[in-house]
Protein chains: 2
Amino acid sequence: MTKSRVVNLDELRAHCQKCSLYRLCMPMGLEQGDLERLDRIIHRRRPVEKGEYLYRLGDPFQSVYALRAGSLKTFTTNHEGHEQIIGFHLPGELLGLDAIAGRVHVTSAKALETVSVCELPFERLEELSLQIPGLQRHLLSLMSEELQHEHCHLAVLARAPVESRLASFLCQLSDRFRARGYSATDFNLSMSRNDIANLLGMAVETISRLFSQFQDQGLLQVERKHVLIRDLPALQALANRCNPDIRGESALNRQEN
Amino acid sequence: MTKSRVVNLDELRAHCQKCSLYRLCMPMGLEQGDLERLDRIIHRRRPVEKGEYLYRLGDPFQSVYALRAGSLKTFTTNHEGHEQIIGFHLPGELLGLDAIAGRVHVTSAKALETVSVCELPFERLEELSLQIPGLQRHLLSLMSEELQHEHCHLAVLARAPVESRLASFLCQLSDRFRARGYSATDFNLSMSRNDIANLLGMAVETISRLFSQFQDQGLLQVERKHVLIRDLPALQALANRCNPDIRGESALNRQEN
DNA sequence: TCGCTGGTTTGATCCAGATCAAAGATCGGC
DNA sequence: GCCGATCTTTGATCTGGATCAAACCAGCGA
């Protein structure tokens with residue numbers, strides 16, 4: 001009880017201006033006035049407890065959600081009831097953008113731990129984006145980033161051997177933690193082995209074996225949810241077998257000298 | 001020569017107002033004036049011949065492209081030079097949206113046959129989107145659709161057995177041809193078996209065997225590039241093993257009576 | 001027209017990783 | 001603090017689809 005009251009007070013206090021995450025979920029260089037206008041359309045929802053849904057596949061689309069604290073997974077469900085995880089989400093990320101086109105949610109979002117979110121009614125966000133150029137650009141950028149990210153995920157699923165898949169997953173998590181000011185090498189996994197396996201298109205047993213293998217090779221230490229990366233470069237080398245090589249292929253196709 | 005002059009004349013004539021595709025690539029219900037403003041920022045580029053690039057991974061991002069005729073593939077290249085196809089694109093689609101965030105192309109786009117495109121300088125498109133609400137919404141919708149589509153692709157790659165993958169690919173093509181007013185059951189593949197295999201994360205040999213198998217089962221007829229679908233429902237049944245089930249899971253989770 | 005090249009098919013073999021099975025850990029509820 | 005449920009690990013086996021090998025075929029430039 002006391003706890004829930006504290007959370008609520010926190011939420012009331014959590015205006016964009018004070019929020020440590022706004023540089024992740026909202027555009028840089030917004031004027032004070034714009035930030036306030038933005039802040040005014042945002043609802044702070046009560047926390048979503050572990051295992052609860054923020055939204056479900058098929059729900060009408062009203063809002064996008066900025067994740068303030070906690071983490072969650074998004075997934076689709078096919079007609080046989082099989083769940084396919086699309087991604088895990090960390091504070092500062094915007095959820096639900098894939099529902100804009102059809103005005104209906106095409107994924108479900110389930111909390112992996114207690115989650116608090118800011119709800120942004122999409123109609124109002126759209127109006128505001130017409131008035132604040134930086135906001136429009138930011139929305140487009142966020143979606144573009146999401147597309148890029150899914151491209152990488154596609155490449156991993158299409159080709160990569162299992163070691164690269166897990167390495168890629170861990171490196172990506174590491175990057176995202178770093179970007180949020182947390183340790184890039186020492187963190188906790190909020191998702192189960194099962195969820196990781198699902199995301200990466202492999203069997204739980206394989207995940208488990210790979211964690212052991214990586215540990216034996218001195219790449220990392222795992223104990224239950226806790227991961228300590230010991231050799232990030234080596235892990236990145238494994239991962240890079242998939243990621244696109246932007247500077248790359250110079251030797252092959254771009255020799256201009 | 002004569003031919004190229006004809007093409008150029010065609011292009012000059014090809015304003016949005018006259019273009020049979022604008023309802024695909026551009027927003028519905030735009031006023032005449034808005035359509036003209038839009039039309040004014042568009043460059044018609046000379047055709048891109050088969051095998052040529054519209055843009056390459058690493059190129060600075062200036063414009064998005066609306067495909068007018070022909071088809072192309074987008075792919076990334078990893079640091080070992082392996083190509084991973086992200087998708088095939090048909091007339092009416094907008095390309096390059098994934099480069100907005102980083103201002104650099106993260107995929108390459110290569111023509112599968114002679115292609116003509118409208119080039120939309122992104123800065124101007126962005127400005128215009130601030131002035132034409134329908135345009136902003138349309139851009140967001142297009143990206144949202146692209147996200148949705150990639151979710152399906154992820155699900156296919158993560159789980160689906162090879163038959164479902166190919167069935168899913170064919171059904172999707174079929175839908176897209178239908179949406180463009182072409183036959184949904186009788187069409188030509190502009191991409192090689194190799195490209196299909198790459199997209200679907202499998203070996204060419206497997207694609208070839210599956211085409212034979214589907215033909216033996218009476219699902220379709222293939223001869224070289226030409227496909228005639230004989231039993232679309234059966235093909236869809238195979239494919240649906242992956243696609244998200246929006247109305248679905250009602251029996252399990254939504255019993256409210 | 002011929003012969004080369006790259007795409008496609010078909011067959012035989014092999015292996016990465018799934019599946020099956022079962023024993024530990026952990027955790028939440030009472 | 002106990003107990004069942006759930007998650008994780010480890011080992012043994014099996015198999016879908018990759019890989020290897022080779023014939024085949026269409027298109028095209030000389």
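Quick note on labels: first sequence line is chain A, next is B, and so on, each numbered from 1.
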Visitor: Among residues 207-222 of chain A, which contact DNA chain D at a heavy-atom distance under 4.0 Å?
Guide: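 Contacting residues: A:S208, A:R209, A:S212.
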
Visitor: Tell me, which pairs form a side chain to side chain donor-acceptor pair (under 3.5 Å) where one or both residues lie in residues 188-204 of chain B, sequence neighbours left out?
Guide: B:S71-B:S190, B:K73-B:D195, B:Q84-B:N198

Visitor: Using distance alone, with no hydrogens and no angle criterion, decide if A:D186 and A:H226 have a side-chain donor and acceptor under 3.5 Å apart.
Guide: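 Distance-only check passes for A:D186 and A:H226.
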
Visitor: For the helix from C:dT1-D:dA30 to C:dC30-D:dG1, what angle lies between the axis at the first five pairs and the axis at the last five pairs, to 10 degrees?
Guide: 50°

Visitor: Will you find, in the side chains of B:T77 and B:E83, an N or O donor that is under 3.5 Å from an N or O acceptor?
Guide: no

Visitor: Indicate yes or no for a side-chain donor-acceptor contact from A:K110 to the backbone of A:K50 under 3.5 Å, with no hydrogens or angles considered.
Guide: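 Pair absent, no side-chain N/O of A:K110 close to backbone of A:K50.
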
Visitor: Could you pull out every donor-acceptor pair under 3.5 Å between side chains of residues 216-223 of chain A and any protein atom, sequence neighbours left out?
Guide:
unit_1, atom_1, unit_2, atom_2, d
A:Q221, OE1, A:R230, NE, 2.8
A:Q221, OE1, A:R230, NH2, 2.7

Visitor: Okay, side chain of B:S174, backbone of B:A184: is any donor-acceptor separation there less than 3.5 Å?
Guide: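 Checked: pair present.
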
Visitor: Write down the protein N/O and nucleotide N/O pairs, taken from nucleotides 15-17 of chain C, whose separation is under 3.5 Å; answer none if there are no such pairs.
Guide:
unit_1, atom_1, unit_2, atom_2, d
C:dG17, OP1, A:V162, N, 3.1

Visitor: What distance separates B:L238 CG from B:D231 CG, expressed to the nearest 0.5 Å?
Guide: 9.5 Å

Visitor: Please tabulate, one pair per line, each protein N/O and nucleotide N/O from nucleotides 21-30 of chain C that are separated by under 3.5 Å, including the distance.
Guide:
unit_1, atom_1, unit_2, atom_2, d
C:dT26, O3', A:R224, NE, 3.3

Visitor: With a 4.5 Å cut-off on side-chain heavy atoms, are A:F169 and A:V156 touching?
Guide: no

Visitor: Return no unless some side-chain N or O of A:K225 is found under 4.0 Å from OP1 or OP2 of D:dC7.
Guide: no

